[in-house]
Every structure is written in C-alpha cells, then in structure tokens.
Amino acid sequence: MNIHVITIDGPSGSGKGTLATKIAQYYHYHLLDSGALYRLLGLSLEKRKLLEVLQDNLTECVEIARNLQIEFVATEQGIRVLLDHEDVSQVIRTEEVGAFASRVAVVPELRDALLQRQRDFAQLPGLIADGRDMGTVVFPEAQAKIYLTASAESRAERRVKQLQSMGEDAKIDDILANIQARDKRDMERKVAPLKPAVDALVIDSSLLTIDEVFTQMVNYIDVQLAKAF
Ligand code: DC
C-alpha cells in the first residue's frame, strides 16, 4: 500500500508547526517536525563543544547525527522531545538553539546524515512532514505539497507573542532582524535552500487565521489524495 506523504514547507513563524500538527490530527497521520531534528543536532553538538569547530571534526559530527538518541513522546500536554533520555522540549524552542540549528543546517554532510532518519518517519497510514526542504529534497514524490509563508513583520509579531508566553523577554526589532537574517541564510544556502517545490500550493498566511489556512489546506489535500488513489 502506498504511504501518503504531505509536505508543509516554509519559513519559521509562518504557522507551519501549528498547522502541521492540526493536519496530522485531522488525517490521523504521523508527524515529522524536521526542524526539531536540526535543533536537537545543534544542541547535541554544542553540548559536546563541537559546534564551534564543526568543519575540523566533520566525521565525528556526522556520526553523532546518524546516532542521535532522540524520542518523540506524545503526552496530554503535547509532544515531548527527549535527547539522550533528557526532556529538552522547551530548550530546543529557544532562539539560542534555533541559531545552533541554523548553523548545522548549512552543512551538506550533516543534512545528508539526517536524510534517512527523516524518510524513516514515512509510515502507514501517512505522514505530514514539516520543514524547509520536505517537498523539494526529502520527499520529492509526496502526494501533496504545501508552501506556507507570511510577511517577515507578521511572523515577528507572532514570535514575540510566543516568546512572551514562554516567559522570555522579546523585542520586536531584534526578532524581526533575526527572522530576516535566518530567511536570508535559509534561502541563499547552497544545499536544500528554502523555496517552494514547483508543484507546491503556496499559501500566504499573513492576513489569514489558522482556521482559514487549515480549510485551504484540507481542501487541497483532499483533492490530491483522491488523485493518488
Ligand atoms: O523550523 P525550525 O525553526 O525549527 O528550524 C530550525 C532550523 O533548521 C532553521 O534554521 C532551518 C533549519 N531547517 C532546515 O534547514 N531544514 C529543515 N527541513 C528544517 C529546518
């Protein structure tokens, strides 16, 4: 039986994570948060003092990427993320670990090391894959591909609210500058740059509510899945 894969790519703060979770619940599919894998690898390399000296220790870092001890555990409070059996769900969502992830993400050897791990998430009945290169590199044969974007300003506003709710102090100008810098790095990097797949549905969520985006996505996915049968 064909395993259905639905990819949702886009920049950070576009609402991808929230929407991917809702869509996975709606279809009862598995969920791959590929950004979390990059964050976990960044955190793991930083803990081992390897992030600063990545290029000089590439073989060791690739081994670490291949053997990362991670678990995603569904609980009533949401998905808990464990690294080496330690709960790092909160720490991987910080700006600091986001910056670690973004440094890992530009290294082709590390992206390659994570490739098979990501593909292993494609299990019956289906998978929602959330990331930057899900539709272009990791799952080019996906039945439905969505590219969710939003203006940098509206993403910065959402991020400030999210950080404040986590008790972190956040200034809109700093966050906006961070988002713009990360977009540039993600879009201009040589390997797997952030861009819509040619066959992706592009949705701009700047002026839409989550429910409106959700409805557009489900309408599109239903059509694509009907074609796949
Ligand atoms: O979506 P996120 O903010 O958790 O992603 C963290 C970093 O990892 C971000 O800099 C982009 C990178 N990333 C990537 O290069 N490819 C992916 N499929 C997912 C994330």
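In listed order, ligands and their atoms are each counted from 1.
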Protein heavy-atom partner closest to [atom] - residue, atom, separation in Å:
atom: atom 20 (C) of ligand 1; result: Gly35 CA, 3.6 Å
atom: atom 7 (C) of ligand 1; result: Ala101 CB, 3.7 Å
atom: atom 19 (C) of ligand 1; result: Ser34 OG, 3.4 Å
atom: atom 10 (O) of ligand 1; result: Ser102 CB, 3.2 Å
atom: atom 8 (O) of ligand 1; result: Tyr38 CB, 3.5 Å

Does the pair Glu60/Arg48 count as a salt bridge with the N-to-O cut at 4.0 Å? no
Quick check: [X] and ligand 1, any N/O pair under 3.5 Å apart?
X: Arg111; result: yes
X: Arg39; result: yes
X: Asp133; result: yes

Pair Tyr38, Asp33 - check side-chain hydrogen bond (donor to acceptor under 3.5 Å, both in side chains), show working. CA-CA 9 Å; Tyr38 286 92; Asp33 171 2; over 6 Å; no
Closest to atom 1 (O) of ligand 1 (judged by heavy-atom distance), picking from Arg182, Arg103, Arg132: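 Shortest heavy-atom distance from atom 1 (O) of ligand 1: Arg132.
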Can you tell if the side chain of Pro108 reaches within under 4.5 Å of the side chain of Arg189, non-hydrogen atoms only? no
Is the shortest side-chain heavy-atom distance between Asp130 and Leu32 below 4.5 Å?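 When only atoms from C-beta onward are counted, Leu32 and Asp130 do not touch, as no gap falls below 4.5 Å.
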Classify the contact between Arg189 and ligand 1 as side chain, backbone, both or neither, using a heavy-atom distance cut-off of under 4.0 Å. side chain
Applying a 4.0 Å heavy-atom criterion (strictly less than), which segment of Asp186 is in contact with ligand 1: side chain, backbone, both, or neither?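 Side chain only.
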Measuring from non-hydrogen atoms of Met134 to any atom of ligand 1, is the shortest distance under 4.0 Å? yes
Show which atoms of ligand 1 fall inside a sub-4.0 Å distance from at least one heavy-atom site of Ala105.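 Every atom of ligand 1 under 4.0 Å from some heavy atom of Ala105: 12 (C), 15 (O).
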Passes side-chain hydrogen bond (donor to acceptor under 3.5 Å, both in side chains), Ser44 versus Arg39? Steps please. CA-CA 8 Å; Ser44 184; Arg39 286 170 183 266; over 6 Å; no
When the aromatic ring centroids of Phe214 and Tyr26 are compared, is their separation below 6.0 Å? yes
Please check: side-chain N/O of Asp9 versus main-chain N/O of Met134, any donor-acceptor pairing under 3.5 Å?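 Judged by distance alone, yes, a pair lies under 3.5 Å.
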Has the side chain of Ser89 got a donor or acceptor atom that lies under 3.5 Å from a matching backbone atom of Val81? yes
For Val106 and Val191, which heavy atoms make the closest approach, and how far apart are they?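 Where Val106 meets Val191 most closely, the heavy atoms are O-CG2, 4.1 Å.
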